[in-house]
Enquirer: 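What follows is a single structure, and I will ask about it in a moment.
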Amino acid sequence: MSESVLFRELESASEKKIAVATLNSEKSLNALSLEMVELLTPKLLEWQADPSIAMVMLEGAGEKAFCAGGDVVQLYKAATSAGEGNYSPDIETFFTKEYELDYLIHTYDKPILLWGHGIVMGGGLGLLAGASHRVVTEKSRIAMPEITIGLYPDVGGTYFLNKMPAGCGLFLGLTGASINAADAKYVNLADHFVSMENKGSLVEQLLSVHWGDTQALNHQKLSDVLAGFEQKDIVKMPEGNISHYADLMQELDKIDRVEAAVVAILDHVSEDKWFTKSQMALGDGSALTAHIVKRQLEVGAELSLADCFRLELGISCNCAAIGEFSEGVRALLIEKDNEPKWMFNTVHDVDPMMVDRMFASPWSESEHPLVTLGQ
């Protein structure tokens, strides 16, 4: 059985090396499993402490995806085995370790180049969002489609959705809309565009760089190389979608209630297939998730990165316990009937007490599994 993550160290022209981690589950579109997380975290810590490593590159095996999300089928099995209404220790373990990895990437001192080619969703976006140098290609397809499975945009979404242009984070969280390379740059989820055919040339040039011991200079050297490739490849970048709806995004940013935001999106008239697909996902998705998205953005606006992850761990465990997440995964991925029986028919029917319950931490502050994060 092959390793779920492959690790390499490439010799550069200087005495420094480039470390490469490859998510190696091409059949599952490199879905992020607990095993992957448990391999990546200690290796990244080892590379961070190793003075011979100049930078790290994260990539996915194959040409279809960097990472299509967390291994939700395994999470579904853990949630259903615990039984509806019951708390699953396995769910807590997975999300705790996943968020610790995400936080490590966000706060890593050495440059991390994340090759965001192909599908980048959910847990994959959690890895992308924190990297210092986020590279997208003409085939990048990025989304947080959790509303379709009764979860919500976690993996730091509370933090990075709030860093987007006004209204965009709320729109993407509510619709799970898929965005391309141009969109990703527009909403601050990507730093550089490089054509997929130039990946080999990019690595070759990085190996010719004379890396040093000063992290700030190494960050700048990587930025300079990527900027050079982008300048040549920019004509291959596809046209974005979300920027065409700037007026709607501004409107969403001024709306206080999620019910009004949902109506504004669903009532917006457009023949654009990208937008109408987003409307359909919102209309068919979990109404409870829509309420969670609106509140997480409001609450998270003033939180530190570590506190955002602490908030999300509680919400994620609560979503699994009430059964909304299990029902969404059942309908979409297990039985594939695409007819989830959500707890609430529309966003107008959601009980505010249930939303409060989602944001109630299962732990005291001192017993929180992520209590030491950021300390």
Enquirer: Taking Asp109's backbone N and O only, do any of them form a donor-acceptor pair with His219's side chain (distance below 3.5 Å, no angle check)?
Expert: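 Looks like yes, one N/O pair under 3.5 Å.
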Enquirer: Under a 4.5 Å cut-off applied to non-hydrogen side-chain atoms, are Gln74 and Ser33 in contact?
Expert: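 No, too far: nothing below the 4.5 Å cut-off.
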Enquirer: Going through the distances and angles, do Glu146 and Asp154 end up as a side-chain contact (heavy atoms from CB on, under 4.5 Å)?
Expert: CA-CA 9 Å; Glu146 284 77 10; Asp154 65 324; 4.2 Å; yes
Enquirer: Find out if a path of hydrophobic residues (ILVMFWY) with successive side-chain heavy-atom gaps under 4.5 Å connects Ile255 to Met164.
Expert: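 Result: yes, single cluster for both.
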Enquirer: Minimum heavy-atom separation for Val120 and Phe66, please, with both atom names.
Expert: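 Shortest heavy-atom separation between Val120 and Phe66 comes out as CG2-CB, 3.9 Å.
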Enquirer: Are the charged groups of Lys221 and Asp224 less than 4.0 angstrom apart, N to O?
Expert: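 No, no charged N to carboxylate O under 4.0 Å.
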Enquirer: For Val20, run the side chain to side chain contact (heavy atoms under 4.5 Å, CB included) check against Leu58, Leu10, Val203, Leu113 and tell me which one passes.
Expert: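 Of the listed residues Leu58, Leu10, Val203, Leu113, the side chain to side chain contact (heavy atoms under 4.5 Å, CB included) partner of Val20 is Leu10.
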Enquirer: If you count heavy atoms of other groups shown closer than 6.0 angstrom to CD of Glu271, is the number above 12?
Expert: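 At most 12 heavy atoms, drawn from other residues, nucleotides or ligands, come within 6.0 Å of this atom.
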Enquirer: Lys236: which residues meet the salt bridge (charged side-chain N to carboxylate O under 4.0 Å, His left out) condition with it, sequence neighbours left out?
Expert: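 With sequence neighbours excluded, Lys236 shows a salt bridge (charged side-chain N to carboxylate O under 4.0 Å, His left out) to Glu197, given in chain and number order.
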Enquirer: Using atom types as modelled and distance alone, determine if a side-chain donor or acceptor of Trp211 lies under 3.5 Å from a backbone N or O of Leu206.
Expert: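 Present.
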Enquirer: Is there a donor-acceptor contact under 3.5 Å linking the side chains of Glu204 and Ser201?
Expert: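 Looking only at side-chain atoms, Ser201 and Glu204 do not form any donor-acceptor pair under 3.5 Å.
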Enquirer: For Tyr99 together with Tyr103, are the ring centres under 6.0 Å from each other?
Expert: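 Between Tyr103 and Tyr99, the centre distance exceeds or equals 6.0 Å.
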Enquirer: Taking only residues two or more places apart in sequence, or in another chain, which ones meet Asp50 in a side-chain contact (heavy atoms from CB on, under 4.5 Å)?
Expert: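 Only Ser52, Ile53 meet the side-chain contact (heavy atoms from CB on, under 4.5 Å) criterion with Asp50.
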Enquirer: If you apply the rule side-chain contact (heavy atoms from CB on, under 4.5 Å), what do you find for Leu170 with Leu161, and how did you get there?
Expert: CA-CA 7 Å; Leu170 179 60; Leu161 290 176; over 6 Å; no
Enquirer: What pair of heavy atoms forms the shortest contact from Ala79 to Ser326, and how long is it?
Expert: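 The pair with the smallest heavy-atom distance is CB-OG, 3.4 Å.
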Enquirer: For Lys199, is the NZ atom crowded, meaning more than 12 foreign heavy atoms sit under 6.0 Å from it?
Expert: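 Yes, the 6.0 Å shell around NZ holds more than 12 heavy atoms from other groups.
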Enquirer: Between Thr41 and Glu38, is there a donor-acceptor pair closer than 3.5 Å when you use the side chain of the first and the backbone of the second?
Expert: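 Answer holds: no.
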Enquirer: Grouping I, L, V, M, F, W and Y whenever their side-chain heavy atoms are under 4.5 Å apart, do Val225 and Leu114 come out in a common cluster?
Expert: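 Different hydrophobic clusters.
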Enquirer: Examine distances only and state if a side-chain atom of Glu324 and a backbone atom of Gly150 form a donor-acceptor pair shorter than 3.5 Å.
Expert: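 Not confirmed, Glu324 side chain does not pair with Gly150 backbone.
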Enquirer: Has the side chain of Asp183 got a donor or acceptor atom that lies under 3.5 Å from a matching backbone atom of Asn180?
Expert: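 Checking the backbone N and O of Asn180 against the side chain of Asp183, a donor-acceptor pair under 3.5 Å is found.
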Enquirer: Going by an N to O cut-off under 4.0 Å, is there a salt bridge joining Lys97 and Glu100?
Expert: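 Salt bridge: no.
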Enquirer: Is there a side chain to side chain donor-acceptor pair (under 3.5 Å) between Glu138 and Ser195? Walk through the geometry before answering.
Expert: CA-CA 6 Å; Glu138 61 268 46; Ser195 176; 3.0 Å; yes
Enquirer: Is it the case that the side chain of Arg141 and the backbone of Gly118 share a donor-acceptor pair, with hydrogens and angles ignored and the cut-off at 3.5 Å?
Expert: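 Side chain of Arg141 to backbone of Gly118, a donor-acceptor pair under 3.5 Å: no, none is there.
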Enquirer: When you measure from the side chain of Ser28 to the backbone N and O of Ser25, does any donor-acceptor pair fall under 3.5 Å?
Expert: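 Yes, the answer is positive, given that a donor and an acceptor are paired below the 3.5 Å cut-off.
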Enquirer: Among Asn188, Leu125, Val187, which residue meets the side chain to side chain contact (heavy atoms under 4.5 Å, CB included) test with Phe160?
Expert: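 Per the side chain to side chain contact (heavy atoms under 4.5 Å, CB included) rule, the option paired with Phe160 is Leu125, out of Asn188, Leu125, Val187.
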Enquirer: Passes salt bridge (charged side-chain N to carboxylate O under 4.0 Å, His left out), Asp351 versus Arg357? Steps please.
Expert: CA-CA 10 Å; Asp351 183 352; Arg357 179 179 168 187; over 6 Å; no
Enquirer: Write down the atom of His210, the atom of Ser14, and the distance for their closest heavy-atom approach.
Expert: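 Shortest heavy-atom separation between His210 and Ser14 comes out as CA-CB, 4.0 Å.
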Enquirer: Does Ala177 offer a backbone N or O that forms a donor-acceptor pair with the side chain of Trp274 under 3.5 Å?
Expert: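 Not a single qualifying donor-acceptor pair exists.
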Enquirer: Looking at Asp256, I want to see if its CG is surrounded by more than 12 non-hydrogen atoms of other residues, nucleotides or ligands under 6.0 Å.
Expert: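 No, not enclosed.
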Enquirer: Decide yes or no for Leu333 and Tyr76: does some side-chain heavy atom of the first lie under 4.5 Å from some side-chain heavy atom of the second?
Expert: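 Heavy-atom side-chain distance check fails, nothing below 4.5 Å.
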Enquirer: Quick one: do Lys16 and Glu9 satisfy salt bridge (charged side-chain N to carboxylate O under 4.0 Å, His left out)? Show the steps, please.
Expert: CA-CA 10 Å; Lys16 303 291 184 179; Glu9 295 180 7; over 6 Å; no
Enquirer: Mind telling me whether Tyr245 and His268 have parallel, tilted or perpendicular rings, with 30° and 60° as the class edges?
Expert: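 The arrangement is perpendicular - the two ring planes meet at more than 60°.
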Enquirer: For side-chain contact (heavy atoms from CB on, under 4.5 Å), just list the numbers for Met354 and Leu288, CA-CA rounded to whole Å, side-chain angles, deciding distance to a tenth of an Å, and then say yes or no.
Expert: CA-CA 8 Å; Met354 180 57 77; Leu288 178 58; 3.9 Å; yes
Enquirer: Salt bridge check, Lys77 against Asp90: does any charged N sit closer than 4.0 Å to a carboxylate O?
Expert: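 No, this pair does not count.
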Enquirer: Considering all heavy atoms of both residues, which atom of Ala143 and which atom of Ser178 are nearest to each other, and what is their separation?
Expert: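 Scanning both residues completely, I find the closest heavy atoms to be CB-CA, 3.9 Å.
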Enquirer: Hey, are Thr96 and Thr93 close enough side-chain-wise for a donor-acceptor pair under 3.5 Å?
Expert: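 Judged by distance alone, the side chains do not pair up.
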Enquirer: Establish, yes or no, whether the cationic atom of Lys163 lies under 6.0 Å from the six-membered ring centre of Tyr159 and within 45° of the ring axis.
Expert: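 Cation-pi check for Lys163 and Tyr159: passes.
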Enquirer: Atom CZ in Arg310, atom CH2 in Trp363: separation rounded to 0.5 Å?
Expert: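 Reported to 0.5 Å precision, the distance equals 11.5 Å.
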Enquirer: For Lys185, is there an ion pair with Asp191 - N to carboxylate O distance below 4.0 angstrom?
Expert: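 No, no charged N to carboxylate O under 4.0 Å.
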Enquirer: Have a look at Val262 and tell me which of Thr346, Val347, Asp267, Leu252 forms a side chain to side chain contact (heavy atoms under 4.5 Å, CB included) with it.
Expert: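 Result: among Thr346, Val347, Asp267, Leu252, Val347 is the only option passing the side chain to side chain contact (heavy atoms under 4.5 Å, CB included) with Val262.
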Enquirer: Does either side chain, that of Ser223 or that of His133, offer a donor lying less than 3.5 Å from an acceptor on the other one?
Expert: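 Side-chain D/A pair, Ser223 to His133: present.
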Enquirer: Report yes or no: do Asp233 and Asn198 form a side-chain donor-acceptor pair below 3.5 Å?
Expert: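 Their side chains do contain a donor-acceptor pair, which is all the 3.5 Å distance test asks for.
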Enquirer: Might you point out which heavy atoms bring Thr289 and Tyr152 nearest each other, and give the distance in Å?
Expert: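 Looking at all heavy atoms of both residues, the closest pair is CG2-CA, 4.0 Å.
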Enquirer: Report yes or no: is the cationic atom of Lys110 (NZ for Lys, CZ for Arg) closer than 6.0 Å to the six-membered ring centre of Tyr108, at no more than 45° off its axis?
Expert: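 Negative - Lys110 is either too far from the ring of Tyr108 or too far off its axis.
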Enquirer: Does Gln205 offer a backbone N or O that forms a donor-acceptor pair with the side chain of Ser208 under 3.5 Å?
Expert: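 Yes.
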Enquirer: Can you confirm whether Glu335 is buried at CD, in the sense that more than 12 heavy atoms of other residues, nucleotides or ligands lie under 6.0 Å from that atom?
Expert: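 It does: Glu335 CD has more than 12 such atoms within range.
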Enquirer: Identify whether Val329 and Val155 are in the same connected component of the hydrophobic contact network (ILVMFWY, side-chain heavy atoms under 4.5 Å).
Expert: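 They do share one cluster, since a chain of ILVMFWY contacts under 4.5 Å joins Val329 to Val155.
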Enquirer: Okay, side chain of Glu26, backbone of Ala61: is any donor-acceptor separation there less than 3.5 Å?
Expert: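 No, the answer is negative, given that no donor and acceptor are paired below the 3.5 Å cut-off.
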Enquirer: Hey, could you give me each pair passing side-chain hydrogen bond (donor to acceptor under 3.5 Å, both in side chains) that has a residue in residues 293-302? Not counting sequence neighbours.
Expert: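 Applying side-chain hydrogen bond (donor to acceptor under 3.5 Å, both in side chains) to every pair that reaches into residues 293-302, excluding sequence neighbours, yields Thr158-Gln296, Lys294-Glu298, Arg295-Asp356.
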Enquirer: Considering all heavy atoms of both residues, which atom of Phe359 and which atom of Ile315 are nearest to each other, and what is their separation?
Expert: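 Smallest heavy-atom distance, with atoms named: CE2-CD1, 3.5 Å.
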